[in-house]
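Here is how names work: the chains are called A, B, and so on, in the same order as the sequence lines, proteins then strands, and each is numbered from 1.
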Protein chains: 2
Amino acid sequence: MDERTRAKYEARVRIIKAMAHPTRLFLVSELSRGERCVCELTQMVGADVSTVSKHLALLKSVGIVQDRKEGSQVFYSLRCPCILEFSDCVESVLRATAEEQLALAE
Amino acid sequence: MDERTRAKYEARVRIIKAMAHPTRLFLVSELSRGERCVCELTQMVGADVSTVSKHLALLKSVGIVQDRKEGSQVFYSLRCPCILEFSDCVESVLRATAEEQLALAE
DNA sequence: TCAGCATTTGCAATTATAGCCAAATCGCCA
DNA sequence: TGGCGATTTGGCTATAATTGCAAATGCTGA
């Protein structure tokens with residue numbers, strides 16, 4: 001794998017890695033319903049505000065979400081609605097595995 | 001986020017995490033072209049065999065790939081062709097970011 | 001200007017990952 | 001059976017990620 005190829009995969013990996021955390025995946029799925037402010041998200045997640053803020057900053061840094069300030073609040077929203085396709089793939093892997101396990105159990 | 005919800009996201013995260021590594025993303029994309037044995041993949045990646053073997057084992061453990069032994073060789077293949085949809089989403093985030101950067105530069 | 005909420009940033013400790021080398025397995029064939 | 005090539009596993013070290021607390025920043029309304 002040459003330098004150029006590796007760089008290409010690393011760019012994609014940054015985005016995938018951003019989704020590879022339970023809290024961030026939850027945030028993304030919550031944002032797929034619509035804009036939310038940090039305080040709302042923090043309450044839903046149930047972790048420290050600073051932790052949630054950092055997760056959101058990471059998602060933003062790779063371009064998955066965008067933010068909008070309104071007064072002292074910050075509203076985050078999805079920048080790409082494609083997350084659904086993304087999830088579909090994950091779901092189908094999960095389903096395939098579950099079906100296989102079921103078959104083995106019989 | 002209650003226990004049950006968290007467990008749901010963790011199951012999905014295991015799959016996403018498996019893709020969140022340059023070498024593994026490369027392996028998956030290479031396997032999307034067809035079955036390959038460990039020795040071929042090792043050569044393409046250019047890392048230690050043991051390293052590649054561990055990456056493949058991880059991909060297998062979450063159900064993304066499957067293996068088939070033939071003599072002393074092991075052939076890996078994709079278990080879910082959906083990786084393409086997965087990539088499409090990643091690509092569109094990349095593209096959106098690139099376009100935005102371009103617009104800012106003008 | 002000051003107090004007060006919302007959010008981000010700096011810091012330090014804990015935990016998880018990745019990589020290589022060496023050693024163990026496994027199947028094949030002389 | 002013994003050796004050989006292919007692959008996996010164990011062990012160890014180095015690096016990266018995650019988290020909460022405390023402090024800093026920003027905005028708003030009195």
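Rounded to an integer number of Å, the gap from A/Arg68 CZ to C/dT7 P is 12 Å. One can place CD of B/Glu70 at 13 Å from C1' of C/dC28, the figure rounded to the nearest angstrom. In this structure, NZ of B/Lys17 is placed 9 Å from C1' of C/dT17, rounded to the nearest angstrom.
Residues A/Ala18 and A/Arg24 approach most closely at O-NE, 2.7 Å, considering heavy atoms.
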Verify side chain to side chain contact (heavy atoms under 4.5 Å, CB included) between B/Asp88 and A/Glu85, making sure each step is shown before the conclusion. CA-CA 8 Å; B/Asp88 283 349; A/Glu85 306 166 26; 3.9 Å; yes
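Tested against A/His55 for a side-chain contact (heavy atoms from CB on, under 4.5 Å), the candidates A/Leu59, A/Thr51, A/Val52 yield a single pass: A/Thr51.
Using modelled atom types and a 3.5 Å distance limit, the side chains of B/Tyr9 and A/Thr23 yield no donor-acceptor pair.
Near DNA chain C, defined here as any heavy-atom distance below 4.0 Å, the residues from residues 40-56 of chain B are B/Ala47, B/Asp48, B/Ser50, B/Thr51, B/Lys54, B/His55, listed numerically.
Ion pair A/Glu10/A/Arg12 not flagged as a salt bridge, since none of the NZ, NE, NH1 or NH2 atoms sits closer than 4.0 Å to an Asp/Glu carboxylate oxygen.
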Can you give the donor-acceptor pairs under 3.5 Å from side chains of residues 95-106 of chain B to other protein atoms, not counting sequence neighbours?
unit_1	atom_1	unit_2	atom_2	d
B/Thr97	OG1	A/Arg79	NH2	2.7
B/Thr97	OG1	B/Val93	O	2.9
B/Glu100	OE1	A/Arg79	NH1	2.4

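Backbone-only engagement by B/Tyr76 is indicated by non-hydrogen atom pairs under 4.0 Å involving sugar-phosphate atoms exclusively.
Looking at B/Ser32, its side chain does come within 3.5 Å of a backbone N or O of B/Ser29 through a donor-acceptor pair.
Here CD1 of B/Ile83 is found 5.5 Å from CD1 of B/Ile64. Values are rounded to the nearest 0.5 Å.
In summary, contact between chain B and DNA chain D, defined as any nucleotide atom under 4.0 Å from a heavy atom of the protein, begins and ends at D/dG5 to D/dG11 in the 5' to 3' direction.
DNA chain D is contacted by both A/Ala20 and B/Cys39; B/Cys39 maps to the nucleotide lying nearer its 5′ end (nearest heavy atom per residue).
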